[in-house]
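See below for the structure under consideration.
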Amino acid sequence: MNMKSKKIITAELIALAVLLILFGIGIFSKSKANNQNIDSGENTEQESLQQTMPQDLENNELGELTVTFFDVGKGDCILIEATQGNIMIDTGYEENGEDIVSWLGDNGIDTLDYLILTHPDKDHIGGADIVINNINVINIIDTNCVVDTQDYLEYKQAALDQGIDILTLTSTKEIELGGVKLTIYPPLSTDYAGQNDYSLVTKMIYGETDYLFAADAEEARIAEMLKQIPNIKSMLLKVPYHGALKDNSEEFFEAVAPQYSIITCDKKKMYEDVTKMLQKLNSEVFTTKQGDITVKSDGNTMTISQ
């Protein structure tokens, strides 16, 4: 082999070596980049998990919600105590008014953020004037049903005297208060056979627990609810019209599928058919004829005592 050939071969070997070195560097750089991408992906996932953790803990931070169903005979008076305010649904009879005000005072409650009056029957608005005149009521919501009764006129006058505007509900209204989310559904018609079907119905959600307060809804209003409320299934049901059986009661109970059912009634009434119907659906039934009922929720679980 001559010298010229040797030089050519040497140059080719050097060039090949350089190419191999550059190729190796390229592989190393690509591998390092891939590792960095993997590390970056893991960090992003960890950051994502950290961002979702507060949402997972949200229910644990809600605090305690207390709902009291008062024993006011065959009437309704329900108090919702949230961490940032209080809501009352109905006020029982006139003779219950002073007892309600006394109970609120004894428990350090001097303000109602909302007073919801479902319909103008005396067992639902009778104590309203006494409550309004003795407690700081900020908002009043009632239904579109005007009657010429003493209880109704006294309630309206008390609201006027205290300078409280009344929202007469004709469309769905949503309220949020201290983690509590309420949707109030008004009657869909303006012409019913009786006052009960003018009832405002309230769905309340608190974390993973939910409640349906069905006031005195009878057949026509129950039929409306089944179409009107999209998330009608609820953990707790305030049974319509003090536990009276209607033709569509069973259909309604099956749709709501409550774990707990509250019947507001006096000792004279024994709605055994409705009780058996609810128990058949594995619902635990409580009645106010045995005294006040207290329901507590931490946003995850619900406990009931009487």
Side-chain angles (χ1 to χ4, degrees), residues 46-70 76-91 100 103-118 131 135-141 167 169 172-185 200-215 225 229-239 255-262 264 282-286 288 292-306:
Q46 288 174 356
E47 289 172 1
S48 178
L49 287 172
Q50 290 172 356
Q51 290 173 356
T52 60
M53 282 180 66
Q55 295 177 356
D56 294 337
L57 295 173
E58 184 178 355
N59 288 348
N60 294 331
E61 296 173 351
L62 284 174
E64 187 173 70
L65 174 74
T66 301
V67 181
T68 304
F69 296 82
F70 291 106
D76 276 12
C77 181
I78 303 162
L79 177 67
I80 301 165
E81 297 175 73
T83 56
Q84 296 178 17
N86 305 293
I87 301 165
M88 181 170 282
I89 301 176
D90 291 331
T91 58
I100 293 167
W103 190 99
L104 293 173
D106 290 345
N107 287 273
I109 298 173
D110 58 7
T111 298
L112 294 176
D113 295 85
Y114 292 92
L115 174 60
I116 301 170
L117 298 171
T118 61
V131 171
I135 299 293
N136 178 31
V137 178
I138 300 174
N139 300 286
I140 299 176
I141 300 173
L167 172 61
L169 211 61
T172 301
K173 180 171 181 60
E174 295 182 352
I175 295 172
E176 290 196 23
L177 183 67
V180 177
K181 298 178 181 180
L182 290 92
T183 306
I184 308 172
Y185 296 92
L200 298 177
V201 175
T202 300
K203 173 72 184 247
M204 181 172 75
I205 298 174
Y206 190 66
E208 299 299 320
T209 61
D210 49 4
Y211 309 68
L212 184 64
F213 304 99
M225 280 193 284
I229 305 174
N231 56 338
I232 198 167
K233 184 176 181 180
S234 302
M235 187 178 292
L236 183 142
L237 171 66
K238 202 296 289 188
V239 178
V256 179
Q259 295 181 31
Y260 307 102
S261 300
I262 309 293
T264 53
N282 296 317
S283 183
E284 190 172 357
V285 181
F286 297 83
T288 54
D292 297 347
I293 299 168
T294 303
V295 182
K296 293 184 180 292
S297 170
D298 60 4
N300 291 298
T301 59
M302 187 182 290
T303 58
I304 301 180
S305 59
Q306 188 172 32

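- Residues Glu81 and Ile109 have side chains in contact (heavy-atom distance under 4.5 Å, counting atoms from C-beta outward).
- A 4.5 Å side-chain heavy-atom check between Met88 and Ile135 finds every atom pair outside the cut-off.
- Side-chain contact annotation: Thr264 with Thr288, donor-acceptor N/O pair under 3.5 Å absent.
- Atoms CD1 and CD1, from Ile138 and Ile87 in turn, are 11.0 Å apart once rounded to the nearest 0.5 Å.
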Report task. Would you check, one step at a time, whether the test side chain to side chain contact (heavy atoms under 4.5 Å, CB included) holds for Lys181 with Ile175? Result -> CA-CA 6 Å; Lys181 298 178 181 180; Ile175 295 172; over 6 Å; no
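- Side-chain atoms of Asn300 do not come within 3.5 Å of backbone N or O of Glu208 as any donor-acceptor pair.
- Looking only at distances, a side-chain donor or acceptor of Asp210 sits under 3.5 Å from a matching main-chain atom of Met235.
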Query raised in the report: Passes side chain to side chain contact (heavy atoms under 4.5 Å, CB included), Phe69 versus Asp292? Steps please.
Result: CA-CA 6 Å; Phe69 296 82; Asp292 297 347; over 6 Å; no
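- When side chains are defined from C-beta on, Ile89 does not count as touching Leu79, because their heavy atoms never get closer than 4.5 Å.
- For the pair Val67 and Tyr211, the minimum side-chain heavy-atom distance is below 4.5 Å.
- Between Lys238 and Asp76, at least one side-chain N (NZ, or NE/NH1/NH2) sits under 4.0 Å from a carboxylate O, which counts as a salt bridge.
- Of all heavy-atom pairs spanning Cys77 and Ile100, the tightest one is SG-CD1, 3.6 Å.
- Ser234 places a side-chain N or O within donor-acceptor distance of the main-chain N or O of Ile232, the cut-off being under 3.5 Å.
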**Report entry** Test log, rule side chain to side chain donor-acceptor pair (under 3.5 Å), inputs Thr118 and Asp90
**Finding:** CA-CA 6 Å; Thr118 61; Asp90 291 331; 2.8 Å; yes
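- At a threshold of 4.5 Å between non-hydrogen side-chain atoms, the residues Ile116 and Ile184 count as touching.
- Judged by distance alone, the side chain of Asn139 and the main-chain N or O of Asp113 form a donor-acceptor pair under 3.5 Å.
- In terms of modelled atom types and a separation under 3.5 Å, the side chain of Tyr114 and the main chain of Gly85 share no donor-acceptor contact.
- In terms of modelled atom types and a separation under 3.5 Å, the side chain of Thr66 and the main chain of Lys296 share no donor-acceptor contact.
- A donor-acceptor pair shorter than 3.5 Å cannot be found between the side chains of Thr183 and Lys203.
- Taking the six-membered ring where the residue is Trp, Trp103 and Phe70 present perpendicular rings, their angle passing 60° and hence far from 30°.
- Counting heavy atoms from C-beta outward, Ile141 and Lys173 have side chains that approach closer than 4.5 Å.
- For the pair Leu236/Ile262, a side-chain contact is recorded, criterion being any heavy-atom separation below 4.5 Å from C-beta on.
- At least one side-chain heavy atom of Ile229 sits less than 4.5 Å from a side-chain heavy atom of Asn231.
- By the side-chain hydrogen bond (donor to acceptor under 3.5 Å, both in side chains) test, Thr172 pairs with no residue at all, sequence neighbours left out.
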